[in-house]
Amino acid sequence: MKLSSTLEKAFNTQITLEFQASLVYRQLAIELEGMDLPGMAAWLRHQADEEIVHANKFIDHVSDRGNHPVIGAMEAPKGDADSVLEAFTTALEHERKVSESIRELYRAAEGEGDLDSRPLLNWFLQEQIEEESTVSEIVGRVEMINDDGPGLLRLDEELGARPTTTTEAR
Ligand code: FEO
(Lines give C-alpha, C1' and ligand atoms only; values in the text may rest on other atoms or scores of the structure.)
Protein backbone atom coordinates (compact mmCIF):
# COMPACT_ATOMS: atom_id res chain seq x y z
CA MET A 1 0.00 0.00 0.00
CA LYS A 2 1.25 3.47 -0.91
CA LEU A 3 2.24 5.96 1.73
CA SER A 4 -0.03 8.99 1.95
CA SER A 5 1.50 12.14 0.50
CA THR A 6 1.95 13.48 4.06
CA LEU A 7 3.87 10.38 5.12
CA GLU A 8 5.87 10.34 1.90
CA LYS A 9 7.02 13.87 2.70
CA ALA A 10 7.86 12.91 6.30
CA PHE A 11 9.86 9.87 5.16
CA ASN A 12 11.75 12.00 2.65
CA THR A 13 12.59 14.47 5.42
CA GLN A 14 14.00 11.55 7.42
CA ILE A 15 16.06 10.38 4.43
CA THR A 16 17.62 13.84 4.22
CA LEU A 17 18.27 13.90 7.98
CA GLU A 18 20.11 10.55 7.83
CA PHE A 19 22.36 11.87 5.05
CA GLN A 20 22.87 15.02 7.10
CA ALA A 21 23.88 12.84 10.07
CA SER A 22 26.42 11.13 7.83
CA LEU A 23 27.95 14.49 6.91
CA VAL A 24 28.15 15.54 10.58
CA TYR A 25 29.99 12.31 11.50
CA ARG A 26 32.25 12.61 8.47
CA GLN A 27 33.24 16.17 9.40
CA LEU A 28 33.83 15.13 13.02
CA ALA A 29 36.05 12.28 11.79
CA ILE A 30 38.10 14.84 9.87
CA GLU A 31 38.46 16.95 13.02
CA LEU A 32 39.62 13.99 15.12
CA GLU A 33 42.07 12.96 12.44
CA GLY A 34 43.42 16.51 12.72
CA MET A 35 43.88 15.96 16.48
CA ASP A 36 46.03 12.88 15.76
CA LEU A 37 43.44 10.50 17.15
CA PRO A 38 43.06 8.05 14.25
CA GLY A 39 41.08 5.45 16.23
CA MET A 40 38.34 7.92 17.14
CA ALA A 41 38.41 9.27 13.59
CA ALA A 42 37.91 5.74 12.22
CA TRP A 43 35.02 5.16 14.65
CA LEU A 44 33.31 8.36 13.52
CA ARG A 45 33.93 7.59 9.87
CA HIS A 46 32.37 4.18 10.31
CA GLN A 47 29.40 5.88 11.93
CA ALA A 48 29.15 8.18 8.89
CA ASP A 49 28.94 5.09 6.67
CA GLU A 50 26.22 3.60 8.89
CA GLU A 51 24.10 6.71 8.48
CA ILE A 52 24.16 6.16 4.72
CA VAL A 53 22.92 2.61 5.36
CA HIS A 54 20.10 4.15 7.43
CA ALA A 55 19.22 6.59 4.64
CA ASN A 56 19.14 3.70 2.17
CA LYS A 57 16.80 1.70 4.41
CA PHE A 58 14.33 4.59 4.30
CA ILE A 59 14.82 5.06 0.55
CA ASP A 60 14.12 1.37 -0.05
CA HIS A 61 10.99 1.51 2.08
CA VAL A 62 9.57 4.56 0.28
CA SER A 63 10.39 3.00 -3.06
CA ASP A 64 8.93 -0.41 -2.08
CA ARG A 65 5.71 1.30 -1.08
CA GLY A 66 5.37 2.70 -4.60
CA ASN A 67 6.26 6.24 -3.59
CA HIS A 68 9.03 8.58 -4.71
CA PRO A 69 12.08 8.96 -2.47
CA VAL A 70 13.65 12.42 -2.78
CA ILE A 71 16.82 13.64 -1.09
CA GLY A 72 16.26 17.19 0.13
CA ALA A 73 18.56 20.15 0.55
CA MET A 74 21.22 19.87 3.23
CA GLU A 75 23.14 22.39 5.27
CA ALA A 76 26.90 22.26 5.61
CA PRO A 77 27.52 20.01 8.63
CA LYS A 78 28.04 21.76 11.93
CA GLY A 79 30.91 19.49 12.81
CA ASP A 80 33.73 21.78 13.86
CA ALA A 81 35.20 20.79 17.20
CA ASP A 82 38.00 22.19 19.32
CA SER A 83 38.15 19.19 21.61
CA VAL A 84 37.29 15.50 21.75
CA LEU A 85 34.50 16.28 24.20
CA GLU A 86 32.98 18.86 21.87
CA ALA A 87 33.12 16.40 18.95
CA PHE A 88 31.28 13.62 20.76
CA THR A 89 28.83 16.04 22.36
CA THR A 90 27.94 17.30 18.87
CA ALA A 91 27.46 13.68 17.77
CA LEU A 92 25.18 12.99 20.76
CA GLU A 93 23.09 16.10 20.10
CA HIS A 94 22.61 15.04 16.50
CA GLU A 95 21.60 11.51 17.52
CA ARG A 96 19.00 12.97 19.87
CA LYS A 97 17.64 15.08 17.03
CA VAL A 98 17.41 12.00 14.80
CA SER A 99 15.67 10.01 17.57
CA GLU A 100 13.05 12.72 18.03
CA SER A 101 12.48 12.87 14.29
CA ILE A 102 11.91 9.10 14.16
CA ARG A 103 9.47 9.32 17.07
CA GLU A 104 7.56 12.01 15.17
CA LEU A 105 7.54 9.83 12.08
CA TYR A 106 6.20 6.93 14.15
CA ARG A 107 3.44 9.11 15.62
CA ALA A 108 2.49 10.34 12.14
CA ALA A 109 2.37 6.78 10.78
CA GLU A 110 0.33 5.57 13.77
CA GLY A 111 -2.01 8.53 13.37
CA GLU A 112 -2.80 7.36 9.85
CA GLY A 113 -2.99 3.70 10.83
CA ASP A 114 -0.12 2.96 8.44
CA LEU A 115 0.73 -0.54 9.66
CA ASP A 116 3.17 -1.30 6.85
CA SER A 117 5.79 1.14 8.13
CA ARG A 118 5.71 -0.28 11.68
CA PRO A 119 8.44 -2.93 11.34
CA LEU A 120 10.90 -0.43 9.86
CA LEU A 121 10.11 2.27 12.40
CA ASN A 122 10.34 -0.21 15.28
CA TRP A 123 13.79 -1.18 14.04
CA PHE A 124 14.81 2.47 13.99
CA LEU A 125 13.40 3.19 17.46
CA GLN A 126 15.53 0.36 18.83
CA GLU A 127 18.57 1.43 16.79
CA GLN A 128 18.34 4.97 18.16
CA ILE A 129 18.27 3.71 21.76
CA GLU A 130 21.51 1.88 21.03
CA GLU A 131 23.11 4.76 19.11
CA GLU A 132 22.34 7.30 21.83
CA SER A 133 23.53 4.94 24.53
CA THR A 134 26.83 4.25 22.76
CA VAL A 135 27.63 7.90 22.08
CA SER A 136 26.48 8.95 25.54
CA GLU A 137 28.85 6.40 27.11
CA ILE A 138 31.74 7.78 25.06
CA VAL A 139 30.87 11.35 26.15
CA GLY A 140 30.84 10.18 29.78
CA ARG A 141 34.22 8.52 29.45
CA VAL A 142 35.75 11.56 27.72
CA GLU A 143 34.46 13.70 30.59
CA MET A 144 36.14 11.34 33.06
CA ILE A 145 39.40 11.42 31.11
CA ASN A 146 39.29 15.22 31.15
CA ASP A 147 42.14 15.92 28.69
CA ASP A 148 44.46 13.33 30.22
CA GLY A 149 46.72 12.34 27.29
CA PRO A 150 47.25 8.65 28.15
CA GLY A 151 43.52 8.26 28.85
CA LEU A 152 42.61 9.72 25.46
CA LEU A 153 45.14 7.48 23.72
CA ARG A 154 43.66 4.40 25.41
CA LEU A 155 40.15 5.35 24.32
CA ASP A 156 41.46 6.12 20.83
CA GLU A 157 42.93 2.63 20.62
CA GLU A 158 39.73 1.05 21.88
CA LEU A 159 37.43 2.91 19.47
CA GLY A 160 39.82 2.22 16.60
CA ALA A 161 39.44 -1.51 17.24
CA ARG A 162 35.72 -1.39 16.42
CA PRO A 163 34.77 -4.00 13.82
CA THR A 164 34.27 -2.42 10.40
CA THR A 165 31.28 -4.54 9.38
CA THR A 166 27.90 -4.43 11.03
CA THR A 167 24.83 -6.54 10.46
CA GLU A 168 22.84 -3.63 9.04
CA ALA A 169 25.63 -2.75 6.60
CA ARG A 170 25.46 -6.12 4.87
FE1 FEO B 1 20.73 7.12 11.70
FE2 FEO B 1 22.63 7.62 14.06
O3 FEO B 1 20.96 7.85 13.33
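Read the numbers this way: they start at 1 and go in the same order the structure lists the ligands and their atoms. Values reported hereafter were calculated over all heavy atoms of this structure, with side chains retained and with hydrogens, waters and symmetry mates removed.
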- Of all N/O/S atoms in Glu131, the name of the one nearest atom 2 (Fe) of ligand 1: OE1
- Query: Does Glu50 bring an N, O or S atom to under 2.8 Å of atom 2 (Fe) of ligand 1?
  - Reply: no
- Task: Would you please classify the geometry between the Tyr25 ring and the Trp43 ring as parallel, tilted or perpendicular, with 30° and 60° separating the classes?
- Result: perpendicular
- Message: Assess, by modelled atom type and distance only, whether the side chains of Glu131 and Gln47 contain a donor and an acceptor separated by less than 3.5 Å.
- Response: yes
- Item | Separation of Leu17 CG from Met74 CE (nearest 0.5 Å) | 10.0 Å
- Distance, nearest 0.5 Å, that separates CG of Asn56 from OG of Ser63: 11.0 Å
- What's the atom name of the N, O or S in Glu18 nearest to atom 1 (Fe) of ligand 1? OE1
- Message: If I take atom 1 (Fe) of ligand 1 as the centre, what angle separates the ND1 atom of His54 from the OE1 atom of Glu51? Nearest 10 degrees is fine.
- Response: 90°
